[in-house]
Amino acid sequence: MPQTPPFSAMFDSSGYNRNLYQSAEDSCGGLYYHDNNLLSGSLEALIQHLVPNVDYYPDRTYIFTFLLSSRLFMHPYELMGKVCHLCVEHQRLSDPDGDKNQMRKIAPKILQLLTEWTETFPYDFRDERMMRNLKDLAHRITSGEETYRKNVQQMMQCLIRKLAALSQYEEVLAKISSTSTDRLTVLKTKPQSIQRDIITVCSDPYTLAQQLTHVELERLNYIGPEDFVQAFVQKDPLDNDKNCFSERKKTRNLEAYVEWFNRLSYLVATEICMPVKKKHRARMIEYFIDVARECFNIGNFNSLMAIISGMNMSPVSRLKKTWVKVKTAKFDILEHQMDPSSNFYNYRTALRGAAQRSLTAHSSREKIVIPFFSLLIKDIYFLNEGCANRLPNGHVNFEKFWELAKQVSEFMTWKQVECPFERDRKILQYLLTVPVFSEDALYLASYESEGPENHIEKDRWKSLRSSLLGRV
């Protein structure tokens, strides 16, 4: 079986062409090229281009790009049905008297296409219709030639393992979210139960940064490339009678990852606002500055941004007497790195540096690149919004999808990195399950630590004491 090359090797700068639709276009079976770059084509021609034959196997960048973008026009199971039909039609797999020699030439190619699909978009196969089609085509291949039975079994086992791991992960997520409670509720009912803070659980900021990286990489790993496309699905203008995504897979894992960012921000703010003494709050701020710095060094920009965002929440930033006691020079440097001005220019420069380091890395640690996820989604969203899916002649705008696939494939490379740090179950448990304050509870804790400064704050404090603590 041909080996699947790594994602980083898929898209180089020549993999797609930025020159839009110049007049010297070549047409080839409903596909339009310029300088050998596929620019557009009818949906049917693009599907034909995906299916291998005796003399042809599609380029891997094309397979990834088309499987990623085709879901904007049809369900994956509909595409799979068409692919199966074309395979059978072209190669007469259904004909028991067909040319065995022909079969030997084509079967490994069809099998390779199915392997790439199941490896890169395994979640498509949670749909029973997809699984039926896959098994049907695999059966046709093995009944024609015994040699491929082992490869088919390997492909199916690998897919089933991935789907089982996904189900298990989703169960864990559901369990975590069902047991999450507001910290203030716990404090009122069992004040002794949360005497611990993050420093008592993990006194070393470097270790905490490493454990945060564990959480990030695990959650990234379960986001499929299709989640980015399915987050922006609309009705296909050429599809009159139905929205092709009325039953689309929910982007649960993508949403769970964004929720983790918010949780980490609130956890940071909670840990800072909790201590009664000013010097303890200042120590907590300095601790998180060190954690954030180490996240930056590791290449974990998502945790870094969540920590900065927690420290910049109003209930934390208003603690002026506390901040006076903090050496803020290191924090200022980090804030400068993640400054949103000029479309996050500083961060994007740092990200490019980390991505470059990752390409030439000799160790897993140097390979780590965890992007600021909300910005990545925003970039992909604007790319999607900025260009039409179809051209005026009804053709699929494939140039747009080369660009989209290039961004997503970079993410795919990053999410496959193994975390090199040792797991610490106790710290991970704390990070994922310890109750955090709600926004109102954060303000209340902040006012209790450093009293209100004006009438607006005083009124808010009274109202929060009354609603949250039941006292005036």
Side-chain angles (χ1 to χ4, degrees), residues 5 7-22 25-51 57-80 82-83 113 116-117 119-121 123-124 223-239 244-245 248-249 251 254 376-413 415:
F7 268 94
S8 50
M10 263 175 60
F11 286 83
D12 57 14
S13 56
S14 62
Y16 61 99
N17 188 340
R18 289 181 184 277
N19 301 328
L20 277 167
Y21 319 110
Q22 297 185 5
E25 286 184 349
D26 308 310
S27 169
C28 173
L31 300 176
Y32 283 83
Y33 291 84
H34 179 75
D35 289 346
N36 287 328
N37 284 304
L38 177 58
L39 297 184
S40 72
S42 69
L43 192 54
E44 287 306 316
L46 291 166
I47 295 170
Q48 296 253 1
H49 197 53
L50 180 71
V51 179
Y57 187 78
D59 180 76
R60 187 167 184 245
T61 54
Y62 177 77
I63 295 172
F64 178 72
T65 305
F66 187 65
L67 291 179
L68 180 70
S69 55
S70 61
R71 59 201 69 236
L72 290 169
F73 307 100
M74 58 169 59
H75 280 290
Y77 82 85
E78 290 173 309
L79 175 62
M80 185 63 154
K82 285 176 184 288
V83 167
L113 177 66
E116 293 208 27
W117 197 335
E119 277 179 4
T120 317
F121 297 92
Y123 304 167
D124 284 352
I223 295 170
E226 71 281 2
D227 282 346
F228 292 102
V229 172
Q230 286 173 189
F232 314 131
V233 150
Q234 291 154 346
K235 197 173 185 303
D236 183 7
L238 296 191
D239 198 348
C244 62
F245 279 86
R248 74 180 187 269
K249 169 175 131 26
T251 51
L254 191 141
L376 176 69
I377 292 176
K378 194 171 151 193
D379 286 347
I380 291 174
Y381 175 78
F382 282 119
L383 169 62
N384 186 61
E385 288 294 294
C387 299
N389 291 338
R390 300 242 190 206
L391 301 178
N393 65 358
H395 272 198
V396 172
N397 178 3
F398 215 74
E399 179 136 27
K400 167 184 174 171
F401 296 124
W402 283 131
E403 187 62 60
L404 181 70
K406 184 169 186 280
Q407 287 200 19
V408 175
S409 72
E410 193 168 32
F411 162 80
M412 292 288 287
T413 308
K415 84 176 192 129

Just do the side chain to side chain contact (heavy atoms under 4.5 Å, CB included) check on L67 and D124 with the steps written out, would you?
CA-CA 10 Å; L67 291 179; D124 284 352; 5.9 Å; no
Nearest heavy-atom pair of [X] and [Y]: which atoms, and what distance?
| X | Y | result |
| --- | --- | --- |
| I47 | M74 | CD1-CE, 3.7 Å |
| L68 | A405 | CD2-CA, 3.8 Å |
| K400 | L383 | CE-O, 4.2 Å |
| T61 | T65 | O-OG1, 2.6 Å |

For the pair L72 and Q230, evaluate side chain to side chain contact (heavy atoms under 4.5 Å, CB included) and give the outcome as yes or no after the intermediate values.
CA-CA 8 Å; L72 290 169; Q230 286 173 189; over 6 Å; no
With sequence neighbours excluded, what pairs up with K82 under the salt bridge (Lys or Arg N to Asp or Glu O under 4.0 Å) test?
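Only E44 meet the salt bridge (Lys or Arg N to Asp or Glu O under 4.0 Å) criterion with K82.
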Rounded distance (nearest 0.5 Å) linking atom [atom1] of [X] with atom [atom2] of [Y]:
| X | Y | atom1 | atom2 | answer |
| --- | --- | --- | --- | --- |
| S69 | N389 | OG | CG | 8.5 Å |
| S70 | L43 | OG | CG | 8.0 Å |
| R390 | S42 | CZ | OG | 9.0 Å |
| H34 | S40 | NE2 | OG | 12.5 Å |
| L79 | F66 | CG | CZ | 5.5 Å |

Tell me, do [X] and [Y] make a side-chain contact under 4.5 Å, heavy atoms counted?
| X | Y | result |
| --- | --- | --- |
| W402 | L39 | no |
| L38 | L46 | yes |
| V408 | V229 | no |

Side chain to side chain contact (heavy atoms under 4.5 Å, CB included) between D59 and I63: does it pass, once the steps are laid out?
CA-CA 6 Å; D59 180 76; I63 295 172; over 6 Å; no
Ring centroid separation for F228 and F411, is it under 6.0 angstrom?
yes
I want to know whether Y62 and F398 have ring centres closer than 6.0 Å.
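Yes, close enough.
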Mutual orientation of the aromatic rings belonging to H395 and Y32 [parallel < 30°, tilted 30-60°, perpendicular > 60°]
tilted
[X] side chain to [Y] backbone, donor-acceptor under 3.5 Å:
| X | Y | result |
| --- | --- | --- |
| E78 | H75 | yes |
| N397 | L391 | no |
| Y57 | L113 | yes |

My understanding is that only residues two or more places apart in sequence, or in another chain, count here; which of them pass ring-ring contact (aromatic ring centres under 6.0 Å, His included) with F121?
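For F121 the ring-ring contact (aromatic ring centres under 6.0 Å, His included) partners, ignoring immediate neighbours, are F64.
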